[in-house]
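Dropping the structure in here first, questions after.
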Protein chains: 2
Amino acid sequence: MSSTTTPMICKDLDGDDRWLSIHKRFVQECKEKDPDVMFIGDCILESLQFTDFWNSHFVPMHCLNFSIRNDRIQNVLWRLQNGELENVRPKAVVLHVGTNNICDSAEEVADGLLELVATIRSKLPEVYIIIPTLLPRGNQPNALRDKNAAVNRLLKERCIGKDKVQTVCVDGGLIQSDGSISHHDMFDYLNLTNVGCKKVFEPVWDLLHQILTENEKERDLTPSE
Amino acid sequence: MSSTTTPMICKDLDGDDRWLSIHKRFVQECKEKDPDVMFIGDCILESLQFTDFWNSHFVPMHCLNFSIRNDRIQNVLWRLQNGELENVRPKAVVLHVGTNNICDSAEEVADGLLELVATIRSKLPEVYIIIPTLLPRGNQPNALRDKNAAVNRLLKERCIGKDKVQTVCVDGGLIQSDGSISHHDMFDYLNLTNVGCKKVFEPVWDLLHQILTENEKERDLTPSE
């Protein structure tokens, strides 16, 4: 069994127990809130929620964002198996994690993502699972960009035919003609600025909008009992 | 010589060379821009620049923000000794770093901060150096909160009498009556939300405003040659 498919609590290496505090708060929010969309993942989604694009586009969709900065796949797996999908009935989950699995191969990262998909499916049989592709990173071309691209190819292949699971290619427009990524899009060449967020998450928003709208139509067409 | 007083490049453990790319961009910005205020430090200042409070209060002051997420004191020391204070003549520098020096004692963190102050002074003899106190961290009371408080006491003592060096106590209002810190102020119990930023950085803004205004007055009073 690979490390990416084995749930792992994030060890409190700092000594202030922040990770577990955040997880407990997420579990509590599941009991108090009624999200239509849940964002689950790592730093990329964490920084998303501090952008104007999040406020203008995603907040009106009734989203919860359960993302923790340095999380790897196995940490998210642990969180999802320990309460972060209980007491909620979202219509869609947006999943982004894997870029922090530095030491794992593309194959292992893809395996881990599919394990996450299976976990989400077992907890929420009807939910749409949307997986934005892993973003390129680093100011200049580097091995991690290549690995993330390999993960994206593997994942796309292996999600074909899965019901209500959709990968969304989101890296368009980040890599410039000279191969570099601008700090105007990614302030630290990993996480997105507001400008970068708009480029990357607009296709995700479009898909969510479509899913939520269809969902409403279906509900309206269902004869009342 | 303690590790906090020895400049240290941040090793590229990930493999995408992001840290050095960010540093090089900062050095380049020094050549292109003419800041009145420079923010230099770690994650706390990095996340500051994605808040409305930054946009409304600090952007109009002509600020540059040279902050990198996981930086420890020795990394900032390396950056300042390698170009990030060249070609600029700011009137004030705001310094916040040390909370990521998890393994160093309060004494070592204070030593490192004073080494940073000495470095800034040697590069910019006339600049005001403003040091907001290290913030408390963690949802519940913990040893790192105690250590940061100890750093703040040491630093305050050791800055007394230093010309144009001012510590600013900024932790007011973060710790609630039951000892907890709310995610409304610190989303991950380390970094500030917009609400938290307003609480913490308003006294820093007040002091900067005062310094910049006095500076203008002085300039106006100086007889033209």
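So that the names make sense, note that chain A is the first sequence line, chain B the second, and so on, each numbered from 1. Basis for what follows: all heavy atoms, side chains included, without hydrogens, waters or symmetry-related copies. Values in this document were obtained by computation on a predicted structure and should not be read as measured data.
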Practice task
Measure distances from A:Leu190 to the heavy atoms of chain B and classify the residue's part below 4.5 Å as side chain, backbone, both or neither.
Solution key: both

Problem - Atom group of B:Ile22 that falls short of 4.5 Å from chain A, counting heavy atoms - result: both

Chain B and chain A: which donor-acceptor pairs fall below 3.5 Å?
unit_1   : atom_1 : unit_2   : atom_2 : d
B:Asp14  : OD2    : A:Arg137 : NH2    : 3.1
B:Asp16  : OD2    : A:Arg137 : NE     : 2.7
B:Asp16  : OD2    : A:Arg137 : NH2    : 3.0
B:Arg18  : NH1    : A:Asp188 : O      : 2.8
B:Arg25  : NE     : A:Tyr189 : OH     : 3.0
B:Arg25  : NH2    : A:Phe187 : O      : 2.6
B:Arg137 : NE     : A:Asp16  : OD2    : 2.7
B:Arg137 : NH2    : A:Asp14  : OD2    : 3.2
B:Arg137 : NH2    : A:Asp16  : OD2    : 3.1
B:Phe187 : O      : A:Arg25  : NH2    : 2.6
B:Asp188 : O      : A:Arg18  : NH1    : 2.8
B:Tyr189 : OH     : A:Arg25  : NE     : 3.0

